[in-house]
Amino acid sequence: MGVEGTLEYFSDLLSSVRKGKKKKKKQIQTVALKVRMDCEGCVQKVKKVVSGVKGVKSVEVDLKQQKVTATGYMEAKKVLEAAKSTKKKVELWPYVPYTLVAHPYVSQAYDKKAPPNMVRKIPNTATINETTIDDKYTILFSDENPNSCSIM
């Protein structure tokens, strides 16, 4: 193995190391925010600040619903922080279509301020596991408990 073979070996070795450290491509995301805006000046200010975030491709603002939607290759946390820097009241968009919620008319989901056909996003109550209190009662009257039913 001569000098050329050694150089070729090291170049192959270095190129294989570089291939292993490729950056992952970020997925395109859509971030919806509820921002308290009063006029067109507020809309322009929020739109300018949010579009300045690295990775944001487009920004849509709906003054009537108080909604700002940013789309691009960015992190939701950075968009939220940028919107908060405008000194406006900002929160993540809390509403989803009522067809996506299991029980849309429970007190936590129903909101008079929500846009038409939208309700607040709440966790699905059907997926909540039993609590330890429930387990105590089921064990109390099980067949494996010798003191369960002593009255016969």
Side-chain angles (χ1 to χ4, degrees), residues 6-142 144-145 148:
T6 306
L7 290 176
E8 187 176 324
Y9 170 76
F10 283 124
S11 93
D12 289 342
L13 184 66
L14 290 174
S15 65
S16 67
V17 169
R18 287 184 194 149
K19 289 179 186 176
K21 293 185 179 180
K22 284 186 180 178
K23 288 185 177 179
K24 290 184 180 179
K25 224 179 186 183
K26 291 182 180 178
Q27 291 184 342
I28 195 161
Q29 291 185 354
T30 302
V31 178
L33 302 172
K34 183 177 181 181
V35 182
R36 174 115 164 75
M37 298 175 284
D38 301 320
C39 61
E40 283 297 319
C42 296
V43 170
Q44 294 301 322
K45 184 177 181 180
V46 170
K47 191 171 187 176
K48 182 179 178 183
V49 169
V50 171
S51 62
V53 175
K54 184 179 176 185
V56 173
K57 298 296 180 193
S58 67
V59 178
E60 296 174 18
V61 180
D62 186 355
L63 181 61
K64 186 176 180 183
Q65 289 187 350
Q66 307 278 310
K67 182 177 183 180
V68 177
T69 308
T71 307
Y73 302 99
M74 73 288 179
E75 294 179 28
K77 190 185 250 184
K78 289 185 180 180
V79 174
L80 186 63
E81 288 173 5
K84 284 183 179 179
S85 71
T86 61
K87 306 291 188 223
K88 306 273 181 212
K89 184 179 177 187
V90 179
E91 62 183 76
L92 288 174
W93 187 251
Y95 304 114
V96 295
Y98 74 92
T99 55
L100 298 179
V101 178
H103 305 288
Y105 296 107
V106 297
S107 61
Q108 296 93 359
Y110 186 72
D111 188 0
K112 290 181 182 178
K113 297 177 187 174
N117 299 325
M118 303 282 255
V119 293
R120 282 198 173 273
K121 186 177 181 180
I122 59 167
N124 190 358
T125 56
T127 59
I128 296 175
N129 296 334
E130 293 180 344
T131 62
T132 56
I133 296 170
D134 294 337
D135 291 338
K136 289 179 184 177
Y137 291 125
T138 57
I139 293 171
L140 188 65
F141 295 104
S142 72
E144 298 168 2
N145 185 358
S148 63

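Along the sequence shown, the residues carry numbers beginning at 1. These figures come from a predicted structure and were not determined experimentally.
Of all heavy-atom pairs spanning K54 and M74, the tightest one is O-CB, 3.5 Å. Residue S85 comes nearest to V49 through the heavy atom pair OG-CG1, 3.7 Å, listed as atom of the first residue, atom of the second, then distance. For the residue pair K88 and V46, the shortest heavy atom distance occurs at CG-CG2, 4.5 Å. Annotation for V56 and A70: closest pair CG1-CB, 4.4 Å, computed over non-hydrogen atoms. Across every non-hydrogen atom of K67 and A32, the tightest pair is CE-CB, 4.0 Å. Across all non-hydrogen atoms, the minimal contact from Q29 to A76 is OE1-N, 4.0 Å.
Residue C39 holds its SG atom at 10.0 Å from NZ of K45, rounded to the nearest 0.5 Å. Atoms OH and CD, from Y95 and Q65 in turn, are 10.0 Å apart once rounded to the nearest 0.5 Å. One finds the CD atom of E91 at 5.5 Å from the NZ atom of K34 (value rounded to the nearest 0.5 Å). Distance check: E60 CD to K47 NZ gives 8.5 Å after rounding to the nearest 0.5 Å.
Looking only at side-chain heavy atoms (C-beta outward), V68 and M37 come within less than 4.5 Å of each other. In this structure, the side chains of K84 and V90 come closer than 4.5 Å at one or more pairs of heavy atoms.
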Do Y73 and I28 pass the side-chain contact (heavy atoms from CB on, under 4.5 Å) test, and can you show the C-alpha distance, the side-chain angles, and the key distance before you say yes or no? CA-CA 5 Å; Y73 302 99; I28 195 161; 3.9 Å; yes
Stepwise side-chain contact (heavy atoms from CB on, under 4.5 Å) test for L33 and L92: CA-CA 4 Å; L33 302 172; L92 288 174; 3.6 Å; yes
